[in-house]
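Notes for the one structure printed next.
Keep in mind that this is a model prediction, so the values were computed, not measured. First listed ligand is number 1; within each ligand, the first listed atom is number 1. Hydrogens, waters and symmetry mates play no part in the numbers below; they use all other heavy atoms, side chains included.
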Amino acid sequence: MSLKDAATRVRENAYAPYSNFKVGAAIRAASGAVYTGCNVENVAYPEGTCAEAGAIAAMIAAGDTELTEVYVIAGSPMPVTPCGGCRQKLAEFGKPAVQITMATTGGAEQVMTLAEMLPGVFNPAHMQG
Ligand code: THU
């Protein structure tokens, strides 16, 4: 299944009763396996989690540790961009050249690399004493 189809399908399962904004994410890992996630909201709003975070958690739980491609889709007027926190989460597991495709259910797509998406990313080099 394509990343687009996987993200589109998992988006239907999003739990978003507070924002009514369903998001689906699909990640291809270096192994070739595809992992998906959707946003899961909570009545205590800050406890909600993004679709990208769910897909990353599924990847790590399955034993993969490197992502090579990401697809995110929402029913938005323009392609939905991962939030700042999710950019840092994606950067943890992907090389700077990894492409993130952001899409709308209406068919619009925009592609950016992780490096373009998060310039100045905080990384382990910053913690060397
Ligand atoms: N959301 C995601 O899941 N991913 C994004 O890239 C943008 C925002 C979710 C979080 C929340 O459940 C809803 O969309 C509205 O912000």
Side-chain angles (χ1 to χ4, degrees):
M1 186 186 295
S2 70
L3 281 192
K4 177 180 180 177
D5 287 348
T8 300
R9 182 178 293 189
V10 73
R11 177 181 167 273
E12 294 302 322
N13 295 338
Y15 177 75
Y18 305 105
S19 70
N20 287 314
F21 189 71
K22 293 185 166 195
V23 185
I27 287 174
R28 191 180 313 282
S31 68
V34 172
Y35 301 101
T36 60
C38 55
N39 52 332
V40 182
E41 298 185 346
N42 192 280
V43 65
Y45 295 173
E47 299 304 327
T49 50
C50 289
E52 295 89 331
I56 289 169
M59 178 184 80
I60 296 301
D64 270 311
T65 54
E66 184 181 358
L67 57 83
T68 58
E69 201 182 345
V70 181
Y71 197 101
V72 185
I73 188 165
S76 47
M78 71 278 289
V80 62
T81 68
C83 75
C86 282
R87 292 176 194 216
Q88 184 73 40
K89 289 183 177 78
L90 291 166
E92 182 76 18
F93 302 108
K95 293 189 171 80
V98 163
Q99 293 195 326
I100 317 290
T101 302
M102 298 157 280
T104 70
T105 50
E109 286 188 352
Q110 183 188 352
V111 181
M112 289 177 76
T113 65
L114 263 177
E116 289 169 337
M117 193 164 274
L118 189 55
V121 59
F122 178 64
N123 62 41
H126 291 112
M127 296 199 298
Q128 282 166 13

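- Numbered from 1 in the order shown, with element, the atoms of ligand 1 that lie under 4.0 Å from a heavy atom of S19 read 13 (C), 15 (C).
- Judged purely by atom type and a 3.5 angstrom limit, N13 has no side-chain atom pairing as donor or acceptor with the backbone of C38.
- Nearest approach of A91 to V121, heavy atoms of both residues: CB-CG2, 3.8 Å.
- Using a 4.0 Å cut-off between a side-chain N of Lys or Arg and a carboxylate O of Asp or Glu, R87 and E52 do not qualify as a salt bridge.
- Looking only at protein heavy atoms, the nearest one to atom 9 (C) of ligand 1 is N39 ND2, 3.6 Å.
- Atoms of ligand 1 lying under 4.0 Å from at least one heavy atom of V23, given by number and element, are 1 (N), 2 (C), 3 (O), 4 (N), 9 (C), 14 (O).
- Distance check on atom 16 (O) of ligand 1: every protein heavy atom falls at or beyond the 4.0 Å cut-off.
- Each of the following atoms of ligand 1 lies closer than 4.0 Å to a heavy atom of P82: 6 (O).
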Show, in sequence, the C-alpha distance, side-chain angles and deciding distance for R11 and T105, and conclude whether the side chain to side chain contact (heavy atoms under 4.5 Å, CB included) test is met.
CA-CA 10 Å; R11 177 181 167 273; T105 50; 3.7 Å; yes
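- Given atom 5 (C) of ligand 1, the protein heavy atom at minimum distance is E52 OE2, 3.4 Å.
- Atoms of ligand 1 found under 4.0 Å from any heavy atom of T81, numbered from 1 in the order shown, are 6 (O).
- With a 4.0 Å cut-off on non-hydrogen atoms, T49 does not touch ligand 1 at all.
- Ring geometry for H126 versus F122: interplanar angle under 30°, hence parallel rather than tilted (30 to 60°).
- Near A51, meaning under 4.0 Å from one of its heavy atoms, ligand 1 places the atoms 2 (C), 3 (O).
- Scanning both residues, P82 and M102, for their nearest heavy atoms gives CD-SD, 3.9 Å.
- For the pair A55 and A25, the tightest heavy-atom approach, listed with the atom from each and the gap, is CB-O, 4.0 Å.
- Near E41, meaning under 4.0 Å from one of its heavy atoms, ligand 1 places the atoms 11 (C), 12 (O), 13 (C).
- The heavy-atom pair separating V34 from L3 by the smallest distance is CG1-CD2, 3.7 Å.
- Looking at atom 7 (C) of ligand 1, its nearest protein heavy atom turns out to be V80 CG2, 3.9 Å.
- Of the heavy atoms in C50, both backbone and side-chain atoms come closer than 4.0 Å to ligand 1.
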